[in-house]
Each structure stands twice: as C-alpha cells, then as structure tokens.
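Some notes on the structure that comes next.
Throughout, a chain's letter reflects where its sequence line sits, starting with A, and its residues are numbered from 1.
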Amino acid sequence: MTSTYDHRALEAKWQARWQETGLDEVDLVGARKPYYNLMMFPYPSAEGLHVGNMFAFSGADAHGRFERMRGFDVFEPIGFDAFGIHSENFALKVGRHPRELIATNVTRFREQLMRLGAQFDWSKTVDTTDPAYYRWTQWLFLTLWKGGFAYRARRNVKWCPQDLTVLADEQVLADGTCERCGAQVTERELEQWFLRITAFTERLLANLDGLDWSENTKLLQRHWIGRSQGALIDFPIEGKAPLRVFSTRPDTIFGATFMVLAPDHQRTLELTAPAVQATVAEFIEEAARRRISGQRGDESSTQGVALGSDAINPLTGKPIPIFPSDYVLSGYGTGAIMAVPAHDQRDHSFALQHHLPEIEVVSGNDSPGPHGGTGALINSAQFNGLKAPEPAREVITAALVEAGFGQAHITYKLRDWGISRQRYWGCPIPAIHCPTCGVVPVPEKDLPVLLPYIEDFRPLGTGESPLARDPEFFRTTCPQCGGDARRDTDVSDTFLDSSWYYLRYPSADRDDVPFDPALTRKWLPVTYYDGGNEHAVLHLLYSRFVTMALEQLGYLDFDEPFTQFRAHGMIVMGGAKMSKSRGNVVVPDEYIARFGADAFRLYLLYLGPYPETLNFVDTGINGPHRFIIQVLRLLDQVEAESMATPEPANLARARHRCIRQVTVDTPERKYNTAIAAMMIFVKRLREHDGPVPKAALETLALLLAPYCPHLAEEIWERLGGAYSVHQQPWPDADESLIEDDEVVVVICINGKKRDQILVPAGTDAETLEHSALALPRIQQWLEGRKPERIFVIPDRQVNLVLPG
RNA sequence: GCCAGCAUGGCGGAAUGGCAGACGCGGCGGUCUCAAAAACCGUUGAGCGCAAGCUCGUGUGGGUUCGACUCCCACUGCUGGCACCA
C-alpha cells in the first residue's frame with residue numbers, strides 16, 4: 001500500500017459498499033434500542049447545499065454515529081422541505097417552473113448529501129412536494145379542522161401594489177417597502193385559515209420546563225408566547241359603556257391620569273366628541289397609513305389628539321381624558337391602556353408632549369422620574385404604604401373585583417397560526433367552498449388534492465393565489481350537496497409541511513397511513529433533534545402544537561415531539577453571514593473534491609465549539625487534511641510490521657487518554673477538542689521511535705469513525721477488522737493506564753512561578769513542601785524570610801506566601 | 001429600549017479557582033529538490049537581556065482569594081432574539 005491519499009477512490013469505495021450492504025438502513029420493526037437522530041431537513045435551494053448545512057449535518061451525523069457505536073439502533077433520516085415562496089420567487093426570476101427547478105435541486109442536494117458520507121437511511125426519505133407526502137399534510141389539516149383546531153377569519157395580509165402580490169412578512173423591509181420592487185407595501189383584508197395554537201398556550205409554556213432543550217431555545221419560545229399577568233379594568237364613561245383596559249400594574253391605578261386607545265380601536269370614533277370629529281378622523285387615517293407602512297416610530301408615539309370625552313378612574317372617581325396614539329396596539333390586550341406617566345416611560349413621553357399631569361404613586365426608588373415602580377404606594381388613599389408590585393397588585397386587583405370594576409387576567413403575545421398563502425408553490429388546502437353548504441372539507445378518499453402544473457404561475461393581482469387562474473383546478477362539486485362549488489385556491493404555509501415530517505419518516509414508505517401507530521410508538525418522540533436556532537420559535541412551536549393536537553385527538557400518545565433538542569451554531573466568513581451579495585459564499589463541493597468529505601467534515605467540526613457561531617477560514621482545512629495523511633502513513637508502518645508490536649506504556653497512556661477525551665467530548669458536542677485530542681495522540685505516535693503498535697491504529701479507527709467515516713472504515717479493513725467499523729462497540733478508556741508516574745509541580749512565591757520540580761505522582765503535601773523549600777532558587781528568592789503560609793495542591797502547585 | 005450570549009497571540013480557538021495561549025492555520029528558518037509544490041524538522045504572545053532569567057499580558061475599571069481567563073459588581077463593544085406587548 002502506498003501512502004498517497006486518493007480520497008476520491010477511497011470515499012467512493014466505501015459509499016458504494018455502505019449502499020450495497022444497506023449498512024445505514026435500520027430495521028425499524030426489529031430494532032432493540034431505538035434512537036431517533038433527527039436533523040432539520042434542508043430547503044433545496046438552487047445554490048446547492050451550503051457550508052452551514054454541511055457543518056450542521058457533519059455534527060449531527062457525528063452524534064448519530066457515536067450513539068450507534070454506543071449500542072443504539074440509530075435511525076437517521078433526511079429529506080427535503082421543498083415547497084415555499086423562495087422557490088417560487090426564484091423560479092419567477094429565472095423564468096423556469098418551480099417543479100422542474102426543484103427536481104433539479106433535489107437531485108443535486110441528494111448527490112451532495114451522499115458525498116458527505118452521513119449515515120442517512122435513504123430508504124425512508126420525504127419530499128414535501130411529493131403528492132405521496134402532501135396528501136398526508138392535507139390529511140393533517142383535515143384532522144385538525146375536524147378536531148376544532150382550524151377556523152376561518154378575516155385578517156390583513158401585506159400587499160405590494162406594484163407587484164400586485166401578497167407578501168410574506170419577511171418580504172417587507174423595515175421601512176415598509178417591498179423587498180423586490182421598493183414600492184410602499186399596503187394591506188388587504190382576506191378571509192383565511194387559522195390553526196388554533198392558542199388552545200395550548202399554557203401547555204406550550206409549562207411543558208418547556210421539563211424539556212431537555214438548549215436553554216436559549218426555550219427562552220426564545222417563552223418570550224414568543226409572552227405571558228403577562230395582570231388585570232382587566234373597566235373605566236366607566238358617562239352615558240356610555242365603560243372602557244376596558246389591560247394592565248400588568250393595577251397597583252399603579254391611582255397614578256392613571258389619562259387613557260390611550262389604539263387608533264384603530266373599535267370605539268375610537270364612538271368616544272369622540274362632535275367638535276373634534278374631523279380632527280380625530282384625520283388622525284386615525286394617518287395612523288392607519290403609518291401602521292401599514294411600518295412607519296410608526298418614536299415621533300409618532302407621542303402624537304395623539306384628545307377625543308374630547310373622559311373616562312372615570314374607578315378608584316379616584318376623577319375624570320381623565322382619552323387619546324388615540326400609535327403606541328398602543330389594537331392587537332394586544334384590549335387595545336386600550338390606563339396611562340401612568342409617573343411610572344412608564346412611554347406614558348411619560350406622551351404626558352410631556354400633551355401637558356398632562358403626573359402623579360407618583362410608588363415611592364422608594366432612588367432615581368426620580370419615570371421608573372419601573374418598585375417601592376411603597378403613595379398617593380393611593382387607603383392603599384398607601386403597601387409594597388409594590390406585590391402585595392399591592394394583589395390587594396388592589398381584589399378591591400377592583402369587589403367593586404365590580406375588574407378581574408385578574410393573563411394575556412399572551414402568541415397568536416393563532418395563519419396558514420393561508422395566496423401563492424402557487426405550496427400544498428393546496430383541501431377545502432371546498434359551496435354556495436349552499438358553506439366551507440366543507442375534501443373527503444379523505446379524494447386526497448391528495450393535487451397541485452396542478454400551471455404554465456403561468458405569476459401572481460394574479462387580485463389577492464388570490466395563481467391557482468385561481470385554473471378553472472380545471474378550482475371547479476368542482478360539493479361533496480355534501482353535489483352542487484357546483486369552488487376549491488380553496490390558497491396553499492398552506494410551508495411550516496405546516498415541516499410541522500409533522502418527523503412523524504412521517506419511519507412510515508415514509510407507507511401509503512395507507514400518515515404514520516404507523518406501532519412504529520410511531522417505538523420510534524417517537526424523537527430522541528435527539530439537531531437544528532439551527534433560526535427555527536427556535538416558529539418551526540419548533542408549530543411542531544409542538546401539532547403534536548399536542550394529535551395527542552388530544554387520539555392519534556399520538558405523547559404530547560411533545562422532541563425529547564432533546566440542541567441548537568447548532570452558524571458558519572460565517574469575515575464576521576458576516578455568507579451571502580451571494582457579499583460574495584463570501586463558500587461552495588463546499590470544491591473543498592470536498594479537493595480534500596475529500598472526511599477532511600471537510602473534520603475541518604468544519606474542528607473550527608470551534610459546535611453550538612457557537614464560527615468563522616470559516618480558507619486555509620484552515622490544510623491541518624485536518626495533513627492529519628489524515630499522517631494517520632495513513634502510520635497505518636502503512638503498522639502494516640509493514642511482520643510481527644505484532646507490543647505497546648509501550650507511554651503509548652498506551654496516550655491512547656487511553658485520547659479515548660477518554662473523545663468519549664467525554666463527543667456527546668457534549670465538543671467536537672473541536674475531541675479532534676484535537678486525536679491530533680495529540682497522532683503526534684505522540686509520530687514522535688515515537690520504534691514500531692507503531694497495531695492497537696494504536698485500531699483505536700484511531702474507532703475514535704475517528706464518527707468524524708471521518710470513510711477513513712475509519714479503510715483503516716479498520718486494512719487492519720483486518722470485520723465490516724463495519726461503524727458497528728463496532730465504542731472503546732473504553734482504562735483509567736489505570738492513564739495516570740502519569742511523574743508530575744511537574746510548580747513552585748510559586750506569592751502566586752508567581754519561581755521554579756518547578758518533577759516528583760512521583762501522588763507525592764504528599766508535606767514532602768512537596770519540604771522539597772520546595774529546599775530548592776536553591778527558592779531559597780534565593782526567599783532571602784532568608786520564612787513563608788507566612790504555604791498552600792499545597794498535590795500534583796500541581798506549591799504556593800509560598802511571604803508576609804507583608 | 002428590553003432579554004440572552006460572547007470578548008484570550010497575526011488568525012480559528014484550548015484551559016474542574018492552581019504553569020494562560022492546548023490543538024490547528026498562517027509566518028519565519030532549515031532539510032529534500034535543478035527549481036517549485038508537497039512532505040519533514042525547528043521556531044513563533046509582547047518587552048528587556050549575551051545568557052541564566054526578569055517584567056508585562058485573557059475588552060475596561062473595581063472587588064473576593066494564598067492564587068482569577070475562570071467567581072462578584074460596574075462599564076464598553078460585538079452577535080442573536082424581541083421590540084411601542086401596557
């Protein structure tokens with residue numbers, strides 16, 4: 001054997017072998033220790049897999065391979081999340097049909113993924129655009145609908161008046177313009193489908209405590225759900241219904257000197273005095289314009305006009321004026337607030353602008369002016385002296401309840417999930433609109449509702465999906481009355497496709513059920529989910545919701561889909577995200593072609609801690625590549641030996657140290673330090689003069705298996721190991737061989753290193769102290785002074801502390 | 001504005017409160033070569049010194065400790081999330 005490293009041949013050889021032998025196809029039925037190793041499936045863009053994907057898959061695959069060698073039956077599927085507005089927009093741009101485009105992209109992705117050498121089970125894969133998949137996405141929708149989790153409602157969508165198309169929120173730039181044409185975006189009200197995720201708000205929040213997820217991910221979800229505890233308070237209005245507000249600080253009600261309504265609050269006009277009708281109407285109109293264009297800002301938050309009518313502060317009995325202003329939103333709480341300018345920054349700014357009085361009701365704060373309000377109540381009648389926020393909040397809420405002015409209440413930021421998309425490239429919503437029966441579900445036997453191939457998939461300009469252009473698609477008969485009816489022409493949000501794909505994988509080859517009950521019981525919930533934190537909220541939250549709903553409807557016997565979730569980091573270049581416009585995109589194919597998948601995987605994982613944002617450095621791959629060549633050279637040496645070489649103690653120590661480090665670091669996802677440990681071991685072997693023991697290379701093959709699956713397999717085979725290295729048990733470190741016989745103990749004076757001694761490991765403190773004091777250099781530094789105190793840390797350090 | 005996280009050589013990054021900079025990249029010097037590449041060997045935080053060695057050094061300022069990259073307080077900067085959420 002030569003030591004030239006032909007990674008192409010080597011990797012092709014093993015990939016073919018794995019495929020022929022079905023090494024990575026798990027016996028889902030017979031598996032004894034199921035381990036579902038899931039990673040977020042990619043969106044097959046036209047650019048191909050990027051470095052970030054490769055990084056994530058390398059890490060997740062290393063994890064899966066490690067668990068496999070630890071004795072688990074690891075199921076590691078992959079698929080394609082191929083519907084969506086990105087494909088559609090790209091297709092529009094290049095003038096090709098998304099169906100052809102996606103087919104090409106998927107093929108390319110598949111090849112790239114194959115070349116990475118991950119242990120994907122390709123016999124169970126999904127493509128969300130395949131009718132065999134989206135048939136069940138439609139089933140899911142119908143099931144949720146029948147279960148009471150889907151409803152229709154009117155809601156505003158973003159609309160570009162120039163492109164004549166509905167936009168996704170993220171296609172609207174911060175200044176309210178369209179990301180594609182730059183026109184000012186407006187809104188349109190359309191009737192759409194919603195999924196009742198708020199049915200599970202409390203559970204989605206409470207369950208988080210028990211989930212083994214990356215802390216940051218849980219935190220993002222908590223914030224998104226946004227639970228606020230407070231009270232609903234009614235402010236009476238003479239001759240009219242009272243005005244209801246939500247406040248988290250009912251204890252500050254004595255400081256409420258005015259009220260603010262969202263400009264689009266239902267009662268704004270009703271509460272407007274005749275004299276100012278015109279002014280208020282104008283203000284409301286302007287505010288609407290600001291809201292739609294996203295141009296609400298610091299200036300507009302102090303703008304407002306008095307409605308000319310007063311509300312009564314229920315506890316003081318005093319009339320206070322009412323204003324509409326941008327800084328109160330109609331969509332949160334009741335869309336109205338009691339303003340407490342002495343204790344709220346926004347209310348304070350507004351009060352300054354409009355010369356409204358401030359009443360301080362919480363004292364005991366060091367800083368004057370508006371503050372959060374922690375202290376004791378003042379100016380609050382019989383409540384003076386109570387500590388705020390608690391127990392004042394509780395006491396005043398009780399008083400309000402007693403007097404019939406309020407009730408304790410909790411609000412959330414979480415909203416129901418709007419899933420209608422007025423676009424083409426998505427899963428058709430299986431609903432039929434009948435003039436007599438109303439909205440009726442497509443019968444399950446008629447699924448899938450196929451997405452038709454339409455030549456002209458450009459946006460229609462009416463606010464409807466391009467599917468509304470295809471009568472053959474939408475003309476149908478009502479399943480209930482048989483009369484003429486029209487299909488829903490909207491498609492569903494891609495997050496619906498991905499909200500259940502993990503349920504599908506084990507049953508991907510079944511066309512009779514979305515997910516087989518027995519397989520599901522055996523393999524789910526997912527053991528380990530690896531993914532980017534950019535999906536921390538939406539995808540993960542939607543998946544949790546779907547799981548909860550299906551559990552409630554009796555389809556699942558668990559209510560959380562992912563037992564363990566770990567977020568991985570990102571790869572950036574020069575501190576910036578890779579993007580075409582920056583011209584800093586690294587194409588992984590070139591690296592793999594030149595250095596091989598093993599070297600590339602090794603390099604990506606060696607960059608730094610897997611959960612962090614990491615910097616791609618162009619030349620960095622040379623190190624891992626060299627390392628692989630050095631390992632192969634050692635292998636040549638071992639093979640050249642005719643006789644088995646006994647393993648010297650120092651090499652055994654180095655080997656077991658390496659095992660220990662890799663074994664500890666790998667499951668903690670400290671891939672970078674695990675790889676460093678292997679590099680150190682190889683360095684020791686290279687420094688060693690004399691024959692290299694076979695045991696060294698055997699161990700390396702095993703430890704390298706999760707990182708460089710092809711190389712590991714090659715080494716294992718050449719050493720005569722039985723196929724496959726990936727089915728071998730993970731090696732154990734022998735702690736008794738690891739400890740050094742001798743250790744260096746550092747001698748410090750006042751914490752500064754002054755000398756060191758080599759002593760047998762485990763030398764006791766007293767001996768160390770004596771040896772240290774006897775050292776000539778130390779005596780020189782001591783200049784006859786006696787140490788005041790002496791600290792001895794066995795095997796490490798002696799610190800002599802001089803007086804003064 | 002609020003909430004997280006991070007800050008260490010020229011670069012990526014290591015360090016249960018106990019020798020800061022492991023490991024790797026890059027640089028420099030050398031071996032091999034007609035030459036170059038590759039590979040291999042040595043060297044590489046800064047300053048001072050002929051040298052033994054000394055001093056300084058983990059964003060800034062304080063603190064706790066015999067001892068702090070590590071713990072505490074304040075600040076600055078960067079990254080991510082939320083953003084008039086009452």
Side-chain angles (χ1 to χ4, degrees), chain A residues 3-4 215-224 226-228 230 245-250 252 256 260 262 296-298 300-302 325-329 331-340 343-347 349-350 411-414 533-534 536-537 567 569-570 572 575-577 602-603 606-609 611-627 629-630 633 661 670 672-683 686 744-756 777 787-802:
Chain A
S3 62
T4 51
E215 268 319 308
N216 187 247
T217 310
K218 294 206 274 188
L219 198 67
L220 292 174
Q221 291 216 349
R222 285 194 189 101
H223 285 213
W224 189 261
R227 184 183 201 270
S228 293
V245 303
F246 173 73
S247 174
T248 53
R249 293 302 301 273
T252 62
V260 184
R296 277 188 307 215
D298 291 342
S300 74
S301 72
T302 56
S325 176
D326 284 10
Y327 82 94
V328 172
L329 308 175
Y332 183 80
T334 65
I337 62 160
M338 62 175 206
V340 184
H343 301 289
D344 182 282
Q345 185 59 59
R346 297 154 303 181
D347 297 345
S349 308
F350 192 88
T411 15
Y412 302 90
K413 287 197 237 177
L414 184 68
N533 235 355
E534 68 272 17
V537 176
M570 238 182 12
V572 299
K577 266 189 195 172
L602 204 57
Y603 165 61
Y606 185 62
L607 269 178
E612 311 277 314
T613 300
L614 302 172
N615 253 294
F616 192 90
V617 186
D618 217 22
T619 50
I621 195 168
N622 290 331
H625 185 244
R626 260 175 221 151
F627 168 76
I629 291 169
Q630 289 167 354
R633 219 173 279 144
Q661 191 76 44
K670 294 179 182 171
N672 55 330
T673 48
I675 293 164
M678 291 189 272
M679 287 176 165
I680 292 169
F681 181 40
V682 165
K683 200 187 223 181
R686 277 153 45 78
V744 172
V745 171
V746 174
I747 316 301
C748 301
I749 294 173
N750 290 335
K752 276 191 207 280
K753 180 187 170 180
R754 294 305 180 196
D755 205 350
Q756 59 180 49
R777 277 180 48 77
E788 193 175 54
R789 298 170 73 184
I790 299 176
F791 293 84
V792 182
I793 297 92
D795 290 351
R796 287 204 181 261
Q797 192 187 67
V798 176
N799 193 13
L800 310 169
V801 183
L802 292 176

How close or far is atom [atom2] of [N] from atom [atom1] of [X], stated in whole angstroms?
X      : N     : atom1 : atom2 : result
A/L329 : B/C84 : CG    : C1'   : 6 Å
A/L220 : B/U79 : CG    : P     : 18 Å
A/Y412 : B/C82 : OH    : C1'   : 19 Å
A/M570 : B/C78 : CE    : P     : 17 Å
A/R222 : B/G81 : CZ    : C1'   : 15 Å
A/N615 : B/U79 : CG    : P     : 12 Å
A/Y332 : B/A83 : OH    : P     : 12 Å
A/E534 : B/C82 : CD    : P     : 12 Å

At less than 4.0 Å, is any side-chain N or O atom of [X] found next to OP1 or OP2 of [N]? Yes or no.
X      : N     : result
A/R686 : B/A39 : no
A/R633 : B/C40 : yes
A/K752 : B/C56 : yes

Run the salt bridge (Lys or Arg N to Asp or Glu O under 4.0 Å) test against [X] and tell me which residues pass, sequence neighbours left out.
X      : answer
A/D347 : none
A/R222 : A/D209
A/R227 : A/E202

What's the gap between [N] and [M] when it is taken at their [atom1] atoms, as a whole Å value?
N     : M     : atom1 : result
B/A35 : B/G26 : P     : 23 Å
B/G27 : B/A37 : P     : 11 Å
B/A14 : B/G9  : C1'   : 13 Å
B/G59 : B/C48 : C1'   : 26 Å
B/A4  : B/G18 : C1'   : 31 Å
B/A7  : B/G53 : P     : 34 Å
B/G24 : B/C72 : P     : 33 Å
B/A74 : B/C19 : P     : 29 Å

Quiz item: Are A/T252 and A/M338 close enough, and set up right, to give a side-chain contact (heavy atoms from CB on, under 4.5 Å), and what steps lead you there?
Solution: CA-CA 10 Å; A/T252 62; A/M338 62 175 206; 3.8 Å; yes
Mind checking if [X] touches a base, just sugar-phosphate, or nothing, with heavy atoms under 4.0 Å?
X      : result
A/S300 : base
A/Q661 : nothing
A/V328 : base
A/R227 : nothing

Practice problem: Can you sort out the partners of A/I793 under side-chain contact (heavy atoms from CB on, under 4.5 Å), two or more places apart, ordered by chain and number? | Solution: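 Testing A/I793 for side-chain contact (heavy atoms from CB on, under 4.5 Å), a comparison that skips the adjacent residues, returns A/R796, A/Q797.
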Quiz item: Under the side-chain contact (heavy atoms from CB on, under 4.5 Å) test, which residues partner A/A536, sequence neighbours left out?
Solution: A/T217, A/L220, A/N533
Does some side-chain heavy atom of [Y] sit less than 4.5 Å from a side-chain heavy atom of [X]?
X      : Y      : value
A/H343 : A/R249 : no
A/V798 : A/L800 : yes
A/P609 : A/N672 : yes
A/V801 : A/N750 : yes

Practice problem: Say whether, by atom type as modelled, one donor and one acceptor occur between the side chain of A/D344 and the main chain of A/A339 under 3.5 angstrom. | Solution: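 No.
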Practice problem: State whether the side chain of A/R777 and the backbone N or O of A/R754 hold a donor-acceptor pair below 3.5 Å, judged by distance alone. | Solution: yes
Practice problem: Please list, chain by chain and in numerical order, all residues satisfying side chain to side chain donor-acceptor pair (under 3.5 Å) with A/D795, sequence neighbours excluded. | Solution: none
Self-check item: Set of residues satisfying side chain to side chain donor-acceptor pair (under 3.5 Å) with respect to A/S349, sequence neighbours excluded
Solution: none
Exercise. Could you check A/T613 against A/V801 and say which one's nearest nucleotide on RNA chain B is further toward the 5' end?
Key: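 It is A/T613 whose nearest nucleotide is closer to the 5' end.
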Quiz item: When the nearest nucleotide of RNA chain B is assigned to A/L607 and to A/Y327 on a heavy-atom basis, which residue is associated with the more 5' position?
Solution: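 Result: A/L607.
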Practice problem: If a protein heavy atom is under 4.0 Å from the base, mark B; if only from the sugar-phosphate, S; if neither, -; do that for nucleotides 16-24 of chain B going 5' to 3'. | Solution: B-BB--BBS
Could you list, one pair per line, each protein nitrogen or oxygen that sits under 3.5 Å from a nitrogen or oxygen of nucleotides 4-7 of chain B, together with the distance?
{"unit_1": "B/A4", "atom_1": "O2'", "unit_2": "A/N216", "atom_2": "ND2", "d": "3.0"}

Quiz item: Given the rule that a pair is Watson-Crick or G-U wobble with both distances under 3.5 Å, how would you write RNA chain B in dot-bracket, using | for pairs to a different strand?
Solution: (((((((..(((.....[....)))((((((.......))))))((((....))))..(((((..]....))))))))))))....
Quiz item: For B/G30, does the O4'-C1'-N9-C4 (purine) or O4'-C1'-N1-C2 (pyrimidine) torsion place it in syn, i.e. within 90° of 0, or in anti?
Solution: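 The base of B/G30 is oriented anti (glycosidic angle more than 90° from 0).
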Quiz item: Picking from B/G81, B/A14, B/U55, which would you name as closest to the side chain of A/P609?
Solution: B/A14
Show the atom names and distances, to 0.1 Å, of all donor-acceptor pairs under 3.5 Å that link a side chain in residues 676-683 of chain A to residues at least two apart or in another chain.
none

Name the pairs: protein N/O against N/O of nucleotides 42-46 of chain B, kept only if under 3.5 Å.
none

Quiz item: Are A/Y603 and A/F616 an aromatic pair by the rule of ring centers under 6.0 Å?
Solution: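 They qualify: ring centres under 6.0 Å apart.
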